[in-house]
Student: 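Before I ask anything, here is the structure I am working with.
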Amino acid sequence: MFLPHTDSERSEMLKTIGVSSIDELFKDVPEKVRYPALNLPPALTEMEAAAQLQQMAMANETTQDLACFLGAGAYNHYIPAAVDHILRRNEFYTAYTPYQPEVSQGTLQAIFEYQSLMCALTGMEVSNASHYDGATATAEAGIMAYHNFRGKRTRFILSPGVHPQYRQVFRTYMSGYENLEIVGDEANNDPMNYLERLEALIDGNTALVVVQYPDFFGQIHDFAPLAEKVHQAGGLFAVVINPIALGLLKPPGEFGADIVVGDGQPLGIPLSFGGPYLGIFTTRKEYVRRIAGRLVGETVDVQGRRGYVLTLTAREQHIRREKATSNICTNQGLMALAATVYLALVGKEGLRQVAELCYHKAHYAAQRIAEIPGYRVLNTKPFFHEFVVQCPKPVAEINEYLLDYGILGGYDLGQDYPTLSNHMLIAVTEMNSREEIETLVEYLKEFAHD
Amino acid sequence: MTEPTLFELSSPGRRGVRFPEPDVPKSALPEGFVRKDLPLPELAEVDVVRHFVRLSQKNYAVDYGLYPLGSCTMKYNPKINEDAARLPGFALAHPLQPIDTVQGSLALMYELQELLKEITGMGAVSLQPAAGAHGELTGVLIIRAYHQSRGDTKRTKILIPDSAHGTNPASSAMSGYEVVQLPSDKRGNVDLEALKAACDETVAGLMLTNPNTLGLFEENVLEVTRVVHEAGGLVYGDGANLNALLGIARPGDMGFDILHLNLHKTFSTPHGGGGPGSGPVAVTETLAEFLPGPIVTILEEGSEEVPPLYGFKMPNRSIGRVKAFHGHFGMMVRAYTYILMHGAEGLRKVAEHAVLNANYLLARLRHVYHIPYDRICKHEFVAEGIWDDAPGVHALDIAKRLIDYDFHPPTNYFPLIVREALMIEPTETESKQTLDKFADALIKIAEEAHTQPELLKSAPHHTPVGRLDEVKAAKELVLCCWFPEKESQAA
């Protein structure tokens with residue numbers, strides 16, 4: 001299958017090594033643990049494996065079969081055909097991290113272009129070559145802020161509008177540091193209106209304030225005054241973004257962000273049950289030496305030709321070991337490539353168009369749902385492509401009902417916000433037709449009557 | 001040939017993809033929030049495809065030839081894995097769907113957890129970590145949570161051998177631990193006396209890679225894990241080199257308490273030019289309650305006619321989430337497919353041939369390259385890329401000259417305990433013919449180093465670019481491109 005040796009080649013090799021059997025190569029393994037009997041299913045041929053995987057995949061109902069109104073951090077967008085054709089180039093997906101630049105210019109230039117596109121999109125000056133996902137990128141912002149103040153500032157303020165799972169990951173990552181205070185997202189009767197509460201928490205001990213734009217409830221806030229307040233207190237301001245929304249909205253670089261993070265999944269990466277996705281991380285030039293992860297820089301070769309290399313590697317773990325800015329080694333290279341190809345294909349006009357489609361369709365859906373007796377749309381501020389609906393019954397029951405009619409309903413906010421039980425977060429993208437929206441409205445109405 | 005950047009290729013007004021007009025009435029855009037300028041390139045689909053195809057041709061890849069990067073396990077990536085991960089049932093499932101609509105994905109994750117438990121001899125697995133270093137962070141946080149749960153707060157140190165991957169000390173530091181480096185002995189094992197001396201009541205744990213980065217099996221592994229346990233510490237296994245142990249020995253049987261696996265090394269998921277990886281963490285039953293979650297579990301047992309109902313459960317004293325959603329599901333599909341196609345016997349053959357190939361190369365090269373720890377190796381070995389009678393030639397030059405012979409260079413300058421290290425891991429998927437050509441090239445290069453050193457110093461000679469000015473890159477820090485001057489002024 002994947003082992004090319006013939007019996008005669010094997011014996012020749014053993015002879016060259018000077019042993020009589022393969023077993024002799026394992027004599028250094030203590031006998032009492034050597035050759036365990038593994039209880040694994042018998043090996044399948046490719047044909048059998050393909051059939052089994054197909055069967056397992058078919059046990060799922062997916063966004064292919066269902067009208068999807070579920071978002072909450074992972075979004076159903078159209079992926080142009082050319083994206084996967086590029087990702088399937090063997091030269092890209094079967095290469096390693098570009099340690100040898102002379103034979104890795106393809107990967108290096110693609111990452112350099114990715115960095116450039118992320119800077120353009122977020123309005124920032126420096127991007128790294130990616131993190132694992134939006135949640136870990138957010139957590140790395142925390143670590144960067146911690147080190148930026150040499151551990152002396154211990155207050156970290158998280159908006160309740162930041163994705164709940166991102167906040168959980170942030171806490172896990174920061175749990176290794178003693179005596180930190182992570183505040184701001186405590187349970188509250190009015191979790192959607194938090195700006196004043198966050199402002200009141202900012203003090204001279206604040207290392208970082210993290211907000212999301214649009215926030216988890218879809219709201220678009222004017223964060224400029226908050227950013228100013230953070231800066232007056234000498235802290236750093238991080239903004240979690242949705243890259244599609246930035247096709248339409250003012251980039252965080254224009255309202256005072258020091259760090260911009262987010263998940264790049266909407267940029268040409270399939271939902272794939274949650275991963276692999278793409279952690280975006282951009283910042284301002286003054287923090288370039290504090291940033292985690294890989295960076296690609298432009299340079300020239302011995303003949304003066306333009307080329308690219310991994311740069312500022314002295315920050316990284318393989319050189320600085322325990323003093324490194326982070327332990328990160330693997331990034332999301334191929335996913336960064338997907339985002340790069342996606343943005344190149346849709347371009348300036350296309351990204352704006354996708355963002356506007358999401359915006360208009362979501363607003364239409366929100367208006368139609370608001371008209372149904374028993375339902376209320378909570379969003380009063382501008383929103384992008386998600387909004388909160390107060391429902392007459394538990395969200396799980398509604399979703400079960402919708403599923404019978406081929407609709408994947410929204411996210412149950414009660415899971416994370418105790419005061420928002422019976423509230424559903426609905427996402428609408430360019431993939432949702434008007435007909436799907438009308439069908440959703442119809443069954444929401446019918447359910448309320450049942 | 002220099003390939004222009006996307007921004008240089010841009011031509012205002014060009015479009016790659018068009019989208020339909022909205023089929024709903026338009027709403028007013030949010031006043032004051034609309035961006036003025038979106039400085040993205042404008043290209044046609046053909047521009048984009050050609051650009052990336054041309055870029056791809058500047059890469060070396062496993063599907064082109066031998067990629068013997070030590071500790072990276074650049075084995076061949078079976079194509080069926082790629083197709084499996086792209087099955088619409090998997091690729092188009094939203095991570096937050098109701099569990100009864102994603103039983104296929106959950107069954108796969110559950111079964112993969114079970115398979116990895118059996119292969120490693122551990123008691124429980126979390127598939128959430130995204131990569132090896134992420135698994136390490138997870139593992140060290142578990143060590144911390146374990147000691148804290150026992151009220152044992154005086155443990156502040158993690159022991160790490162000097163041959164370890166740089167991620168080990170970095171992960172420990174991120175978890176708030178002090179790192180104590182352990183020396184290696186003459187045979188490349190952990191120095192037992194040094195270990196015993198370091199093991200006191202302040203030791204939280206030991207991070208051990210076995211086989212280590214010299215490619216050597218830790219001969220005293222049972223003694224090492226016993227000593228750490230006796231001192232009350234836990235043993236963390238860096239599974240980066242697990243490829244050598246499949247079906248040969250299980251970390252759980254050797255006394256490891258925690259282990260991360262690299263699905264992108266041992267279980268053939270492609271490296272993607274730097275990622276995505278996947279770094280599941282396996283632990284003993286005692287530590288299962290600390291794993292990050294949620295973890296896939298059986299909620300309702302099945303019967304002969306009805307399959308079980310799978311769902312998620314958060315371990316009781318979990319260290320928390322380490323990632324959004326459920327980990328790199330797409331990589332799990334690939335690894336699961338790989339394990340299914342191998343079975344127990346096939347996996348053991350993988351390890352046996354990985355070790356056979358490495359020892360064969362070692363046998364062919366040891367007369368020409370100095371091997372500082374020369375004994376039967378496992379999946380890789382480390383040679384010195386320097387000769388006293390060829391002054392001025394370094395490991396880097398050998399690496400670059402290998403490119404002229406159409407091979408990807410091995411890892412160089414790691415591990416740090418070997419001077420001018422060349423760390424060579426051929427993997428099991430390389431044929432004898434390929435290994436012979438590679439050995440021939442290295443032998444020829446050794447000769448050239450003595451007779452025509454300039455050939456090495458100026459290598460590589462046939463690549464799209466020659467050696468690059470890394471000092472300039474670090475000094476000038478050009479980290480992103482923009483539109484050519486005239487356009488950025490216009491914008």
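Quantities reported herein were computed from a predicted structural model and do not represent experimental measurements. Throughout, protein chains are lettered first and strands after them, A, B, ... in sequence-line order, and every chain is numbered starting at 1.
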Student: B:S172 versus chain A, heavy atoms under 4.5 Å apart: side chain, backbone, both or neither?
Tutor: neither
Student: Can the ring centres of A:Y132 and B:H134 be said to be less than 6.0 Å apart?
Tutor: yes
Student: In chain order, what residues pass the side chain to side chain donor-acceptor pair (under 3.5 Å) check against A:R10, with sequence neighbours excluded?
Tutor: A:D7, B:H353
Student: Measure A:S175 against the heavy atoms of chain B and call it side chain, backbone, both or neither at under 4.5 Å.
Tutor: both
Student: When rounded to the nearest 0.5 angstrom, what distance separates NZ in B:K323 from OH in A:Y277?
Tutor: 8.0 Å
Student: What part of B:Y76 gets within 4.5 angstrom of chain A, counting heavy atoms only: side chain, backbone, both, or neither?
Tutor: side chain
Student: By a 4.5 Å heavy-atom criterion (distance strictly below it), what part of A:V126 contacts chain B: side chain, backbone, both, or neither?
Tutor: side chain
Student: Please look at B:L362 and chain A and tell me whether the side chain, the backbone, both or neither of the residue comes under 4.5 angstrom of a heavy atom of that chain.
Tutor: neither
Student: Counting only non-hydrogen atoms closer than 4.5 Å, does B:K400 touch chain A with its backbone (N, CA, C, O), its side chain (CB onward), both, or neither?
Tutor: side chain
Student: Do you know which of B:L43, B:L356, B:I376 has the most heavy-atom pairs under 4.5 Å to chain A?
Tutor: B:L356
Student: So which part of B:L141 gets closer than 4.5 Å to some heavy atom of chain A, the side chain, the backbone, both or neither?
Tutor: side chain
Student: Under 4.5 Å from any heavy atom of chain A, what part of B:P460 do you find: side chain, backbone, both or neither?
Tutor: side chain
Student: Between A:Y411 and chain B, which part of the residue has a heavy atom less than 4.5 Å away: side chain, backbone, both or neither?
Tutor: side chain
Student: Can you tell me which portion of A:T311 sits under 4.5 Å from chain B's heavy atoms? Options are side chain, backbone, both or neither.
Tutor: side chain
Student: Examine whether an atom of A:L70 lies under 4.5 Å from a heavy atom of chain B, and if so say whether it belongs to the side chain, the backbone or both; otherwise answer neither.
Tutor: both
Student: Is B:R467 in contact with chain A via its backbone, its side chain, both, or neither, using a 4.5 Å heavy-atom distance?
Tutor: both
Student: Could you look at A:A129 and say if it's the side chain, the backbone, both or neither that has a heavy atom under 4.5 Å from chain B?
Tutor: neither
Student: In terms of heavy-atom proximity below 4.5 Å to chain A, should B:L340 be classed as side chain, backbone, both, or neither?
Tutor: both
Student: Please classify the contact between B:L222 and chain A as side chain, backbone, both or neither, with a heavy-atom cut-off of under 4.5 Å.
Tutor: side chain
Student: Where on B:L216 is there a heavy atom nearer than 4.5 Å to chain A: the side chain, the backbone, both, or neither?
Tutor: neither
Student: Out of A:K361, A:R434, A:H360, which residue meets the side chain to side chain donor-acceptor pair (under 3.5 Å) rule with B:D23?
Tutor: A:K361
Student: With sequence neighbours left out, write down each residue that passes side chain to side chain contact (heavy atoms under 4.5 Å, CB included) with B:P409, or none if nothing qualifies.
Tutor: A:Q100, B:A399, B:I403
